[in-house]
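As a basis for the values below, the full set of heavy atoms in this structure was taken, side chains included, without hydrogen atoms, waters or symmetry mates. None of the values given here were measured: they were computed from a predicted structure.
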Amino acid sequence: MTTCLILDDYQDAALRFADWDRLAPGVRVGRIGEYIGDRDELVSRIGEAEILVIMRERTPFPADLLARLPRLKLLVTSGMRNLSIDLAAARQRGITVCGTESSPTPPAELTWALILGLARHLPLEAGNLRANGPWQSTVGVDLAGKTLGVMGLGKIGQRVAAVGRAFGMEVIAWSQNLTAERAAEAGATLAPSKEALCEAADVLSLHLVLGERTRSIVGEAELRRMRESAFLINTSRAGLVDQAALVAALERGWIAGAGLDVFDTEPLPPDSLFRHLPNVLALPHLGYVSEANYRRFFTQAVEDIEAWLGGAPVRVLE
């Protein structure tokens, strides 16, 4: 009997969104709902499994962890990119790593939830209402006529830009390889530089892949260039922004606020300032968490396992 474990199933959702019975009787499927931060405990809990299904980067799989899992033969991750897996080490150990498709729609939608939540002070006003507090204690920020800056105009960035235009915003965009023609195709104007994008944006939304060129692409210099009334939105990866500089910007009023769905350490530690700063709207990495996306993730995870068992793996990450 082959053992398959689904890790970090926070919402107890994995078994509901796919037909895992397709793997019976040869595969026994189990789930672990809580995050396990202690490495020894993690190895103890998952060490007997030949197959692991993981959710994005919730639990990293570096070389030293893979070395402690001699029974592991197949690692399936949601999405087709997972920087927390040491793919080279997996190959050396004969571990096949497969992915799944992921829709750009849910993170684009959540981006706008953060923008609107900040602009209209929704957490504060909703909290006041529940607590029988002040009635109408804030004045919202209008989006129509303002400038939306999109850093990274890929599949998600294009969708965010389209909604910005629907709200009557001017949309400008920049990334290291973006051309004026590609920006125009997405209904945006190419900013002449990263600095110009930061200076002009009333809302700056980040939609880049994290890598060597993009790590800390928004640092103190960029945050100081932003308007004091501007919002920074990050639903991509925390590493795109210098976190210490962002805290300084929020504490010292370089920017008006930040909408954050991603953090260097997840789950976010209880003492993190991002839990407590009044001008931060923070969410627990919900960008990809939607019914349709989960159905896609887990259905394709079952397909990945079936294909691997049949000797012809699909969606293999290299």
Side-chain angles (χ1 to χ4, degrees), residues 2-18 20 23 27-103 106-107 209-210 237-238 261-268 284-290 293-309 313-318:
T2 299
T3 298
C4 170
L5 283 178
I6 305 163
L7 272 58
D8 298 312
D9 183 17
Y10 298 158
Q11 300 97 350
D12 192 13
L15 299 181
R16 294 188 285 116
F17 282 100
W20 297 87
L23 302 175
V27 179
R28 180 176 59 247
V29 179
R31 58 170 292 276
I32 297 175
E34 72 277 13
Y35 171 73
I36 304 173
D38 181 82
R39 182 64 59 82
D40 291 335
E41 180 184 356
L42 178 64
V43 171
S44 175
R45 295 278 297 274
I46 69 175
E48 296 303 310
E50 291 89 0
I51 303 171
L52 294 175
V53 177
I54 65 174
M55 286 296 292
R56 297 292 178 120
E57 293 95 5
R58 289 179 182 178
T59 295
F61 278 80
D64 61 333
L65 175 58
L66 294 172
R68 297 180 65 182
L69 301 172
R71 293 180 62 88
L72 181 61
K73 300 302 178 186
L74 174 64
L75 185 60
V76 179
T77 176
S78 58
M80 291 301 295
R81 182 186 298 112
N82 189 327
L83 297 179
S84 73
I85 300 173
D86 189 325
L87 293 176
R91 283 193 296 270
Q92 289 175 355
R93 303 195 67 82
I95 300 169
T96 302
V97 182
C98 297
T100 71
E101 297 173 358
S102 180
S103 170
V209 174
L210 180 62
R237 289 293 181 269
D261 189 44
V262 287
F263 307 94
D264 278 341
T265 301
E266 297 182 5
L268 190 62
H285 205 157
L286 296 177
Y288 60 95
V289 180
S290 73
N293 235 12
Y294 267 31
R295 190 167 290 109
R296 180 181 291 106
F297 286 166
F298 294 120
T299 296
Q300 292 191 1
V302 172
E303 294 172 357
D304 287 349
I305 295 169
E306 287 178 321
W308 177 79
L309 289 170
V314 296
R315 292 186 283 266
V316 177
L317 304 189
E318 301 292 345

Out of curiosity, H285 NE2 to R237 CZ, how far, rounded to the nearest 0.5 Å?
-> 5.0 Å
When rounded to the nearest 0.5 angstrom, what is the spacing between CG in L52 and CD in E50?
-> 9.5 Å
Return the set of residues passing ring-ring contact (aromatic ring centres under 6.0 Å, His included) with F298 (not counting sequence neighbours), or none when no residue passes.
-> Y294
So CD of E48 and CG of L72: to nearest 0.5 Å the spacing works out to 12.0 Å
For the residue pair S102 and R56, what are the closest heavy atoms and their distance?
-> OG-NH2, 2.6 Å
What are the two closest non-hydrogen atoms of Q11 and V289, and how far apart are they?
-> NE2-CG1, 3.5 Å
So CG of L7 and CD1 of I46: to nearest 0.5 Å the spacing works out to 5.5 Å
Considering residues at least two apart in sequence or located in another chain, which fulfil the salt bridge (Lys or Arg N to Asp or Glu O under 4.0 Å) criterion with D261?
-> none
dist F297:CZ -> M55:CE (nearest 0.5 Å) comes out at 5.5 Å
Criterion side chain to side chain contact (heavy atoms under 4.5 Å, CB included) on E57 and N82, from CA distance to verdict = CA-CA 6 Å; E57 293 95 5; N82 189 327; 3.2 Å; yes
Sequence neighbours excluded, the answer for side chain to side chain contact (heavy atoms under 4.5 Å, CB included) partners of R31 is I6, D9, D12, L15
For L74 and I95, work out which heavy atoms get closest and say how close.
-> N-CG2, 4.3 Å
All ring-ring contact (aromatic ring centres under 6.0 Å, His included) counterparts of F17, not counting sequence neighbours = none
Under the side chain to side chain contact (heavy atoms under 4.5 Å, CB included) test, which residues partner A67, sequence neighbours left out?
-> R93
For side chain to side chain contact (heavy atoms under 4.5 Å, CB included), just list the numbers for I85 and I54, CA-CA rounded to whole Å, side-chain angles, deciding distance to a tenth of an Å, and then say yes or no.
-> CA-CA 10 Å; I85 300 173; I54 65 174; 3.8 Å; yes
Sequence neighbours excluded, which residues qualify as salt bridge (Lys or Arg N to Asp or Glu O under 4.0 Å) partners of E41?
-> R45
Side chain to side chain contact (heavy atoms under 4.5 Å, CB included) assessment of F61 paired with T77 | CA-CA 11 Å; F61 278 80; T77 176; over 6 Å; no
Interatomic spacing from CG in L75 to CG in L317 - rounded to 0.5 Å | 8.5 Å
Give the C-alpha distance, both sets of side-chain angles, the deciding distance and a yes or no for side chain to side chain contact (heavy atoms under 4.5 Å, CB included) between W20 and I305.
-> CA-CA 10 Å; W20 297 87; I305 295 169; 4.0 Å; yes
Applying side-chain hydrogen bond (donor to acceptor under 3.5 Å, both in side chains), name anything that partners R28, two or more places apart in sequence or on another chain.
-> T3
Pairing residues for E266 by the salt bridge (Lys or Arg N to Asp or Glu O under 4.0 Å) criterion, not counting sequence neighbours = none
Who are the salt bridge (Lys or Arg N to Asp or Glu O under 4.0 Å) partners of R68, not counting sequence neighbours?
-> D40
For residues V302 and A18, report the shortest heavy-atom separation together with the two atoms involved.
-> CG2-CB, 4.1 Å
Residues at least two apart in sequence or cross-chain that pass side chain to side chain contact (heavy atoms under 4.5 Å, CB included) with V209, listed by chain then number, are R81
What's the shortest heavy-atom distance between G99 and D304, and which atoms?
-> O-OD2, 2.6 Å
With side chains defined as the heavy atoms from C-beta onward, is the minimum distance between P106 and Y288 less than 4.5 Å?
-> no
Residue set satisfying side-chain hydrogen bond (donor to acceptor under 3.5 Å, both in side chains) with E306, at least two apart, ordered chain then number -> R22
Closest non-hydrogen atoms of V53 and A301, given as atom of the first, atom of the second and distance, are CG1-CB, 4.2 Å
Is the side chain of E101 donor-acceptor paired with the backbone N or O of R296 at a distance under 3.5 Å, no angle test?
-> no
Output all residues satisfying side chain to side chain contact (heavy atoms under 4.5 Å, CB included) with P267, sequence neighbours left out; order by chain, then residue number.
-> Y10, Y35
